[in-house]
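Written out below as structure tokens is the structure these notes cover.
Protein chains get the first letters and strands the later ones, always in sequence-line order, with residue 1 at the start of each. Not measured: the values here are computed from a predicted model.
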Protein chains: 2
Amino acid sequence: MTPASSRPPDAREEAGDRRPLRTRHEQQEDRGMSPQTRRTGRTGRPPRLSQEAILTAAQRILDEEGPEHLSMRRLAQELSSTAMALYHHVRDKDELLLLLLERHAQRFPRLRLPAEPRDRLIAASQALHDILAECPWIVEVLASDDLMAVSALWIVENMIDAGIECGLSPEEAVYAYRVIWYYTAGELTIRVNRERHHAGLERPPHRDKAFAALTPEEFPRLAALAGQWDEITTRDTHHEGLVAIVDGLLSRTGAARKAT
Amino acid sequence: MTPASSRPPDAREEAGDRRPLRTRHEQQEDRGMSPQTRRTGRTGRPPRLSQEAILTAAQRILDEEGPEHLSMRRLAQELSSTAMALYHHVRDKDELLLLLLERHAQRFPRLRLPAEPRDRLIAASQALHDILAECPWIVEVLASDDLMAVSALWIVENMIDAGIECGLSPEEAVYAYRVIWYYTAGELTIRVNRERHHAGLERPPHRDKAFAALTPEEFPRLAALAGQWDEITTRDTHHEGLVAIVDGLLSRTGAARKAT
DNA sequence: ACCTGAACACCGTTCAAGT
DNA sequence: ACCTGAACACCGTTCAAGT
């Protein structure tokens, strides 16, 4: 979390962009002051809400009731306020989720990674996965981008650096990072959705339909595996898959020879 | 699309499951009759809507207005009907989306795949990706499951079969399939979200925040790449990544030696 | 400056009633 | 059997007004 030393000029007032307000939090951040420090100027009504309080309440809802219950209205209720009061501290729901992710990543301990580059690439990728596995509610937000939350940048940096030290060019290292990121995002999305549906106790109905279609003549392999499918499929193979992917990515350049 | 020869007993009337209705379409399917064939019994009011008409209208909305505009109400409007009329032909929105996927997969030509197993695994995986890349609106539904739509089962069958022919055990082949599927799902999800946001013309604001945090001292690799990031990141590396993953997965068993 | 209430423009789905 | 209208229980967000 470097305090942004050089920040690009605020482009929000440009034509077509109708979000004139900067949240209170952003203004404070610019002056490097906490609410307590600030003494200058006239004070309006003292704030009942704060971004911190909002985020804490949101996290509580997430933990106790699940992501599907986190709405601006529900959150306001939790704070004995109105939905609109929140918009004074947070631009919109997306920003709220992003801030929650940021908070989560900050709390996550900055692991010591192995020195050997292949191991480091694997360990960093695993850390990326683990951080997000703990806050799966945010998967949808993540999906929107490949450059991660600021607080998780150290992982991406390590992944790219390890890739380069393994003999990849910088471009190849970015591409390797992206392949791993896609795998991670896919695994998490599917895992989360499975758990969400599992919570509803119901097996998806089209699942049965698919199994019913598995005639041994047309689908010999799948028909043979149908009985064990759920069992095989339940095993957590994330790490195994990650290692295979990393080796596949590194072997393309003969970089693998450097490794263990 | 095998007509389901053995279908598990309908468990829907069990305790707690409150979906007594079977849609008209399902009933017909059971008797193996098309609407035209059916002559017996009293006919009630002739149907104005049909599943076919509903799916066609839904597809039109998807194509012309985008997935975010497909709602039951909008769809009913398109058919000059009411939202509730739809529920006579389709259980819920999820089923509607699943039927759309099924329809799409059916229309997709059943490719001739290479005989050589590694190439076949790659080609089948690519086909899976390509089918879904054309109907990205459904990514969210896909995410819920790893056993695909009935009409795409031939691809999964081929992937598993090719894996086994490459020397993997059946369990390993399923696991390989899942790794590839996670990669595919992740790639598609992120691609779709990017396009969806790109359509809104706005660069995500937290993107700038992340870049601003990229001090060369703390993040040397990322800082050096920042200028080219968008450019590198835009390149479509799906196929490259797929090949690397396949090779990584196969190399774990010495199966790679069999290949080309 | 900070917050509220009412309103806008939506969702998916249920239920009782109509023909 | 097929469809309708009204209603339920929600969304995120805007806007004008209050203190």
Checking B/R103 against B/Q106: is there a side-chain donor and acceptor pair closer than 3.5 Å? no
Which dot-bracket string describes DNA chain C (Watson-Crick N1-N3 plus N6-O4 or O6-N4, or G-U N1-O2 and O6-N3, all under 3.5 Å; [ ] crossing; | other strand)? ||.|||||...|||||.||
Mind calculating the distance between CD (A/Q77) and C1' (D/dC10) to the nearest angstrom? 12 Å
Donor-acceptor contact below 3.5 Å, side chain B/E157 vs main chain A/E218: no
Only one of A/E65, A/E68, A/E64 passes salt bridge (charged side-chain N to carboxylate O under 4.0 Å, His left out) with A/R74, and that residue is A/E65
What's the separation between atom CD1 in B/I61 and atom CD in B/Q77, rounded to the nearest 0.5 Å? 8.0 Å
Give a yes/no answer on whether the side chain of B/H89 brings an N or O atom under 4.0 Å of OP1 or OP2 in D/dC2. no
Give the rounded distance in Å between these two atoms: CE of A/M72 and C1' of C/dT4. 15 Å
Between C/dG12 (P) and A/E68 (CD): distance, integer Å: 17 Å
Backbone N or O of A/H89 within a donor-acceptor pair of the A/Q51 side chain at under 3.5 Å? yes
What integer distance in Å separates B/H69:NE2 from C/dA9:P? 14 Å
P gap between C/dC10 and D/dA9, integer Å: 22 Å
Taking CE from A/M84 and C1' from D/dC11, how many angstroms apart are they, rounded to a whole number? 14 Å
I want to verify a distance call: between D/dC3, C/dC2, C/dT14, whose nearest atom is closest to the B/A85 side chain? D/dC3
Reported CG-to-CZ distance for the pair B/L225 and B/F219, which is rounded to 0.5 angstrom: 13.5 Å
Hey, can you tell me if A/Y183 and B/Y182 have their rings parallel, tilted or perpendicular (30° and 60° cut-offs)? tilted
Answer yes or no: does a side-chain N or O of A/R48 lie under 4.0 Å from OP1 or OP2 of C/dT4? yes
note: B/L86, atom CG; C/dT14, atom P; distance rounded to Å ~ 13 Å
What is the separation between atom CG on A/D92 and atom P on D/dT14, rounded to the nearest whole Å? 8 Å
Picking from D/dC3, C/dT13, C/dT4, the nucleotide nearest the side-chain atoms of B/H88 would be D/dC3
Under 4.0 Å between a side-chain N or O of A/S71 and OP1 or OP2 of D/dC10? no
Between atom CG in B/L75 and atom P in C/dT13, what is the gap in whole Å? 12 Å
To the side chain of B/R74, which of C/dC3, D/dG12, C/dC11 is closest? C/dC11
From C-beta outward on A/R73, which listed nucleotide comes closest to its side chain: D/dT4, C/dC3, D/dG12? D/dG12
